[in-house]
Amino acid sequence: MAAAESPPRFGQSVKGLLSDKVTSCSSDIIALTRQVLKGSRGQELLGQAARNMVIQEDAILHSEDSLRKMSIITTHLQYHVEHSKNLQDQLRHLLK
């Protein structure tokens, strides 16, 4: 008779043990849900970081293109300044 039924552990009833087990499982499910949500949030943050990186890359490429154009304009302006100086020198020479 004693072998068929195991006595409750540490003086707890079977209902108490079952209740503890349900509580433990519930806590584990809550912890698992939190981890899944954290992972989901992490994926969301990684996606946003990737989108921001693409936006920054486009901005950098646009800035690079703008700098290249400004360099060309600067070269042209330097040419025009030099040409203007040459014309001034020629005018001074003619007016002498």
Side-chain angles (χ1 to χ4, degrees):
M1 191 166 23
E5 279 185 281
S6 61
R9 290 186 281 166
F10 306 109
Q12 292 181 336
S13 67
V14 173
K15 285 184 180 180
L17 289 173
L18 184 59
S19 175
D20 289 346
K21 191 66 174 172
V22 168
T23 302
S24 173
C25 286
S26 296
S27 296
D28 290 345
I29 288 172
I30 290 170
L32 178 63
T33 302
R34 285 186 182 140
Q35 287 299 321
V36 168
L37 290 174
K38 263 189 206 176
S40 176
R41 180 69 178 143
Q43 286 292 79
E44 207 175 290
L45 291 174
L46 281 174
Q48 183 64 40
R51 285 188 290 276
N52 288 344
M53 192 175 206
V54 168
I55 290 169
Q56 290 301 318
E57 187 177 2
D58 287 344
I60 289 170
L61 291 174
H62 180 71
S63 296
E64 183 182 10
D65 188 48
S66 295
L67 284 172
R68 196 176 313 111
K69 288 176 182 176
M70 287 173 22
S71 175
I72 292 169
I73 290 170
T74 301
T75 301
H76 285 313
L77 286 173
Q78 287 172 344
Y79 170 77
H80 287 294
V81 166
E82 193 172 315
H83 185 68
S84 293
K85 285 181 182 178
N86 288 340
L87 288 175
Q88 282 178 349
D89 289 344
Q90 287 176 3
L91 279 172
R92 281 189 196 129
H93 181 69
L94 288 174
L95 291 176
K96 285 183 181 182

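Numbers here are sequence positions counted from 1.
A donor-acceptor pair shorter than 3.5 Å can be found between the side chains of Asn52 and Gln48.
Between the OG atom in Ser66 and the CD1 atom in Ile73 there is a gap of 9.5 Å [rounded to 0.5 Å]. To the nearest 0.5 Å, atom CG of residue Asn86 and atom CG of residue Leu91 are 11.0 Å apart. To the nearest 0.5 Å, atom CG of residue Asp89 and atom OG of residue Ser84 are 11.0 Å apart. Atom NZ of Lys85 sits about 12.5 Å away from atom CG of Leu87, to the nearest 0.5 Å. Atom OG1 of Thr23 and atom CG of Leu18 lie 9.5 Å apart (nearest 0.5 Å). Note that CG of Leu46 and CZ of Arg51 are 10.5 Å apart. Values are rounded to the nearest 0.5 Å.
The side chain to side chain donor-acceptor pair (under 3.5 Å) test applied to Arg41 returns Glu44, not counting sequence neighbours. Partners of Asp65 according to the salt bridge (charged side-chain N to carboxylate O under 4.0 Å, His left out) rule, which considers only residues two or more places apart in sequence or in another chain, are Arg68, Lys69.
The backbone N or O of Asp20 lies less than 3.5 Å from no partner atom in the side chain of Ser24, so there is not a single donor-acceptor pair. In this structure a side-chain-to-backbone donor-acceptor pair under 3.5 Å is missing from Ser40 to Val36. Side-chain atoms of Ser71 do not come within 3.5 Å of backbone N or O of Leu67 as any donor-acceptor pair.
Under the 30°/60° scheme for interplanar angles, the aromatic rings of His76 and His80 are found to be tilted.
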